[in-house]
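Remember, it's a predicted structure, so these values are computed and weren't measured experimentally. Start at 1 and go down the list; that is how both ligands and their atoms are numbered. Below, each value reflects all heavy atoms present in this structure, side chains not excepted, and no hydrogens, waters or symmetry copies.
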Amino acid sequence: MADLKLIQGDITTFKGDAIVNAANTGLVGGGGVDGAIHRAAGPELNIACRKLHGCPTGDAKVTPGFNLPVRLIIHTPGPIWRDGSFEEPKLLRSCYENSLKRAVENHCQTVAFPSISTGIYGYPLDKACKIAVSTIRKFDAPLQVTMVAFDQKTYDAFNKAMAN
Ligand code: AR6
């Protein structure tokens with residue numbers, strides 16, 4: 001079982017083996033945490049991402065961390081929330097699962113996640129937290145996972161989901 005802890009802060013300052021990026025399917029960079037990661041990692045990240053030729057929703061692909069204090073960045077495009085009947089829960093679960101798989105394949109012991117899909121992609125926070133927490137806790141690998149909540153609302157929602 002993966003170990004899970006929660007902090008509030010900016011994921012670009014996380015020191016460990018890998019961080020996860022809430023990307024888009026083109027892996028072309030964007031706003032939110034994706035923008036922050038690209039700015040902090042530097043322009044080489046964009047060049048590396050272009051070589052990956054995109055990534056389907058729910059899957060995950062890896063680049064080096066470049067200027068970030070991590071070895072790897074795991075890019076996963078989350079589902080865009082419509083009304084919950086377009087496989088959004090299944091796709092969000094697979095974002096977490098595939099990101100954790102990439103971490104293990106790349107010999108990571110410490111990995112940090114932002115709250116995937118709950119910003120620009122509009123996934124309801126309480127529903128997303130439950131999926132994130134259960135998927136990470138169920139994942140069978142000796143990984144130390146840190147959820148990095150950027151704002152208070154996200155921190156509170158994860159805190160609640162982790163208490164159950
Ligand atoms: N550290 C940690 N979390 C952050 C940071 C940060 N530096 N900055 C924002 N967040 P979002 P999405 C939080 O919108 O909903 C991009 O344009 C934010 O408060 O970044 O999956 C991509 O290119 C929220 O809690 O990702 C895609 O097009 C969480 O990260 C699209 O947005 C996710 O919000 C993806 O949308």
Side-chain angles (χ1 to χ4, degrees), residues 4-43 45-63 65-70 72-84 86-100 102-103 110-133 135-136 144-162:
L4 176 61
K5 70 173 184 184
L6 173 66
I7 61 165
Q8 189 170 354
D10 177 350
I11 201 166
T12 63
T13 65
F14 178 79
K15 291 179 185 62
D17 293 317
I19 62 168
V20 176
N21 180 19
N24 52 59
T25 55
L27 301 181
V28 288
V33 69
D34 194 8
I37 288 172
H38 274 266
R39 276 192 300 278
L45 176 57
N46 196 31
I47 297 165
C49 280
R50 266 190 265 148
K51 291 184 186 151
L52 298 175
H53 305 293
C55 182
T57 302
D59 207 344
K61 291 190 177 180
V62 175
T63 66
F66 299 107
N67 295 338
L68 290 176
V70 287
L72 302 171
I73 305 170
I74 300 166
H75 305 264
T76 187
I80 300 170
W81 178 264
R82 290 159 81 182
D83 63 7
F86 292 85
E87 301 201 311
E88 294 95 327
K90 182 178 147 198
L91 290 166
L92 187 61
R93 203 172 305 122
S94 98
C95 284
Y96 283 96
E97 256 163 25
N98 283 319
S99 297
L100 292 164
R102 292 301 95 78
T110 53
V111 56
F113 279 87
S115 176
I116 297 160
S117 281
T118 66
I120 292 163
Y121 281 177
Y123 206 111
L125 189 53
D126 286 348
K127 291 191 197 334
C129 290
K130 281 187 192 156
I131 290 173
V133 170
T135 309
I136 293 166
Q144 171 66 61
V145 180
T146 303
M147 273 305 317
V148 182
F150 196 54
D151 51 37
Q152 188 68 43
K153 188 175 60 146
T154 303
Y155 183 88
D156 292 345
F158 269 95
N159 211 13
K160 194 172 142 201
M162 286 168 67

Inset, instruction - Return yes or no for this condition: an N or O of Ile11 is under 3.5 Å from an N or O of ligand 1. - result: yes
Inset, instruction - Check each atom of ligand 1 against the heavy atoms of Thr154 and keep those under 4.0 Å away; list them by number with element. - result: 25 (O)
Inset, instruction - Give a yes or no on whether the backbone of Gly29 and the side-chain of Asn24 come within a donor-acceptor separation of less than 3.5 Å. - result: yes
Inset, instruction - Verify the distance criterion only: is there a donor paired with an acceptor across the side chains of Thr154 and Asp151 at less than 3.5 Å? - result: yes
Legend entry - Proximity winner for atom 31 (C) of ligand 1, if only heavy atoms of Tyr155, Phe113, Tyr121, Phe158 are counted: Tyr121
Inset, instruction - Measure the distance from atom 21 (O) of ligand 1 to every protein heavy atom, then report the residue, atom name and distance (to 0.1 Å) of the closest one. - result: Ser117 N, 2.8 Å
Legend entry - Geometric N/O contact Asn24 with ligand 1, under 3.5 angstrom: yes
Legend entry - Val33: numbered ligand 1 atoms lying under 4.0 Å from its heavy atoms: 1 (N), 2 (C), 3 (N), 4 (C), 5 (C), 6 (C), 8 (N), 9 (C), 10 (N), 20 (O), 30 (O)
Legend entry - Within-cut-off N or O pair, Ala23 and ligand 1, under 3.5 Å: no
Inset, instruction - Using distance alone, determine whether Ala22 and ligand 1 share an N or O pair under 3.5 Å. - result: no
Legend entry - Closest to atom 33 (C) of ligand 1 (judged by heavy-atom distance), picking from Ser115, Gly26, Gly32: Ser115
Inset, instruction - Give the intermediate values and the outcome of side chain to side chain contact (heavy atoms under 4.5 Å, CB included) for residues Thr63 and Leu52. - result: CA-CA 9 Å; Thr63 66; Leu52 298 175; 3.7 Å; yes
Inset, instruction - With side chain to side chain contact (heavy atoms under 4.5 Å, CB included) as the test, would you mind laying out the steps for Leu100 and Ile136 before giving the verdict? - result: CA-CA 8 Å; Leu100 292 164; Ile136 293 166; 4.2 Å; yes
Legend entry - Gly31-ligand 1 polar pair, N/O distance under 3.5 Å: yes
Legend entry - Check ion pair Arg102-Asp59 (N to O, under 4.0 angstrom): yes
Inset, instruction - Carefully, step by step, assess Arg50 and Leu27 under the rule side chain to side chain contact (heavy atoms under 4.5 Å, CB included). - result: CA-CA 7 Å; Arg50 266 190 265 148; Leu27 301 181; over 6 Å; no
Inset, instruction - Mind checking the CG-CZ spacing from Leu6 to Phe113? Nearest 0.5 Å is all I need. - result: 13.5 Å
Inset, instruction - Give the atoms of ligand 1, by number and element, whose distance to some non-hydrogen atom of Asp10 is under 4.0 Å. - result: 1 (N), 6 (C), 7 (N)
Inset, instruction - Would you kindly specify which portion of Ala149 sits under 4.0 Å from ligand 1, judged on non-hydrogen atoms: side chain, backbone, both or neither? - result: neither
Inset, instruction - Answer yes or no: is there a donor N or O on one side and an acceptor on the other, between the side chain of Asn159 and the main chain of Tyr155, under 3.5 Å? - result: no
Legend entry - Numbered atoms and elements of ligand 1 in range of Asp34, under 4.0 angstrom, heavy atoms: 22 (C), 23 (O)
Legend entry - Check: Gly119 N/O within less than 3.5 Å of ligand 1 N/O: yes
Legend entry - Structural part of Asp151 in contact with ligand 1, heavy atom criterion under 4.0 angstrom: side chain
Inset, instruction - State the NE2-OG1 distance between His38 and Thr12, to the nearest 0.5 angstrom. - result: 12.5 Å
Inset, instruction - Considering heavy atoms of the protein only, find what lies nearest to atom 14 (O) of ligand 1 and give residue, atom and distance to 0.1 Å. - result: Ile120 N, 2.8 Å
Legend entry - From Leu4 atom CG to Met162 atom CE, the distance as rounded to the nearest 0.5 Å: 4.0 Å
Inset, instruction - Run the numbers for me: atoms of ligand 1, each under 4.0 Å from some heavy atom of Gly30, listed by number. - result: 17 (O), 23 (O)
Legend entry - From Phe150, Tyr123, Trp81 - option closest to atom 3 (N) of ligand 1 by heavy atom: Phe150
Legend entry - Verdict with supporting geometry, His75 and Val20, side chain to side chain contact (heavy atoms under 4.5 Å, CB included): CA-CA 6 Å; His75 305 264; Val20 176; over 6 Å; no
